[in-house]
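Quick notes on the structure that follows.
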Amino acid sequence: MVTSRYRALDDAFAGYPHRLHYAIKANSTVALVRHLRALGAAADANSGGEIAVAQRAGFTPEDIIFTGVGKTHAELVQAVTLGVKAINAESPGEVARIADIAAAHGRVARVAVRINPDVDAGSHRHISTGLHVNKFGVSIDDARSMIQDMARRPSLQVVGLHVHIGSQVTRSEPLARAADAIADLALSFVGQRVALEHVDLGGGLGIAYEPDQTVVTPADYAAAVLPAVRRTGLTLLLEPGRWIVGPAGVLVGQVVDLKRQPGSRWFVIADAGMTDLIRPALYEAWHGIEPVRPRPGPPVQSDIVGPVCETSDTLGSDRTLSPVEVGDLLAVRDTGAYGAVMASNYNRRPLAAEVVVDRDTWTLVRRRQTVDEMMQLDV
Ligand code: LLP
């Protein structure tokens, strides 16, 4: 499914010079990142660790974009000395630090500026990034003066403009507005000493988690942003994560207990919970849940919960679930993005194993963490 989704998104932009930089943060399992590279993707890394994953997966520095708020000195040194395709700078202070590091290492760093266009992505407030109250990027005006400043620094090359207004964006209108803002800014540099190579519209394309949820399609997305990008004539970069891998993953848990609530509702208690998938607890996100092998019988009104000592450790509330028994397997859908990558060892629960399924074969790509491994860092 990852293959077909990657190609569908890539095909939607086939009429215009573009490159998909897969957002490693969505799912950073090396085998999966390597697969995306084989399909032709480039990479978007959000930390020194993700740059290392990209390299382990076979990406060369020219294919890696380094993005993210709050890059450390060590991470900037790593990116500058590698010579990544672009560092998406988030502030004037960061630009100055990149310039100093590049000068000290005798390098010219390729830098893009992340703008904050003050556009409401319309997604959950925890994953919206494009408003001025959000910590991400700089205003259009600040970007303009930052870029003039960068053009004067010999250790920097201004290569692009970047924008990412949020994740799980389900309508095309905010994406179009962000593209317009970035295109206007790019065009304002025509004839100046700034030779931009690309505009990077970030990620954010949403998926349908709920059965009748309507979301923008790749074709709508392309139709919404390409008119603006065409005006610039620059190469388009995108940083998609969720859209490619989200629907391709399921979290499989086992029912460990059933408990009746007052009334007719049941608690279905699974061995998987918020330490494996935090999205329901963190964003009140909805994920489809169903038994792997449904049993006959009338459905049961259920809260599907995990084993962690937190009331928010709920995978799904008030669901109509086919009958299950202790030992049955449950599948939680659409967990390929922001699932395993956001897992924790809370309650000293080891990280789950990960398996890739390709038609009727499966391969272990990440083994289960052992309790001993979990304690290895305790000195
Ligand atoms: N580029 C940048 C700069 C980003 O910050 C992100 C996601 C992406 C690309 C990829 O966005 P996507 O295409 O996956 O929407 N944990 C949250 C999502 C956080 C997204 C963070 N940034 C969730 O589970 O919904």
Side-chain angles (χ1 to χ4, degrees), residues 2 5-6 8-10 12 19-28 32-33 36 41-47 50-51 54 64-71 86-90 112-117 121-131 134-138 160-171 174-175 178 182 198-209 215-216 218 221 225 236-249 251 274 276-287 315 332-344:
V2 170
R5 293 186 73 85
Y6 173 82
L9 193 53
D10 198 37
R19 192 86 198 269
L20 303 188
H21 281 253
Y22 168 64
I24 291 176
K25 64 169 77 69
N27 186 322
S28 60
L32 182 95
V33 180
L36 281 156
D44 161 33
N46 198 72
S47 67
E50 285 188 356
I51 292 177
I64 302 173
I65 277 179
F66 183 31
T67 198
V69 128
K71 304 176 193 78
I87 303 176
N88 289 335
E90 296 259 354
V113 172
R114 176 168 183 175
I115 65 157
N116 180 323
S123 57
H124 189 279
R125 64 189 173 85
H126 287 181
I127 54 174
S128 291
T129 51
L131 288 173
N134 301 131
K135 67 180 176 182
F136 301 92
V138 295
L161 300 176
H162 175 232
V163 68
H164 170 82
I165 56 168
S167 194
Q168 185 55 15
V169 182
T170 55
R171 292 180 309 116
L175 299 164
I182 212 170
H198 68 249
V199 289
D200 176 350
L201 295 184
L205 192 60
I207 59 172
Y209 284 98
V215 296
V216 52
Y221 182 31
V225 301
L236 169 65
L237 307 186
L238 296 169
E239 301 167 352
R242 185 191 320 260
W243 199 88
I244 296 173
V245 295
L251 168 65
M274 68 189 290
D276 310 290
L277 177 70
I278 202 175
R279 303 193 71 260
L282 198 55
Y283 317 117
E284 293 177 329
W286 194 98
H287 285 262
L315 292 168
V332 184
R333 288 197 172 269
D334 304 312
T335 57
Y338 309 110
V341 286
M342 295 179 82
S344 80

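First listed ligand is number 1; within each ligand, the first listed atom is number 1. These values consider heavy atoms only, across backbone and side chains, with no hydrogens, waters or symmetry-generated copies.
- Near ligand 1, heavy-atom contacts under 4.0 Å come from A23, K25, D44, T67, R114, I127, H162, H164, S167, Q168, G203, G204, E239, P240, G241, R242, R279, Y283, Y338, M342.
- Side-chain atoms of Y6 come within 3.5 Å of backbone N or O of A41 as a donor-acceptor pair.
- R333 meets the side chain to side chain donor-acceptor pair (under 3.5 Å) test with E290; sequence neighbours excluded.
- Screening L238, V216, V169 against L205 for a side chain to side chain contact (heavy atoms under 4.5 Å, CB included) leaves a single residue, V216.
- Residues forming a side chain to side chain contact (heavy atoms under 4.5 Å, CB included) with A26 (at least two apart in sequence, or on another chain): Y22, V245, A337, Y338.
- Between the side chain of N116 and the backbone N or O of L131 there is at least one donor-acceptor pair closer than 3.5 Å.
- With sequence neighbours excluded, no residue forms a side chain to side chain donor-acceptor pair (under 3.5 Å) with S28.
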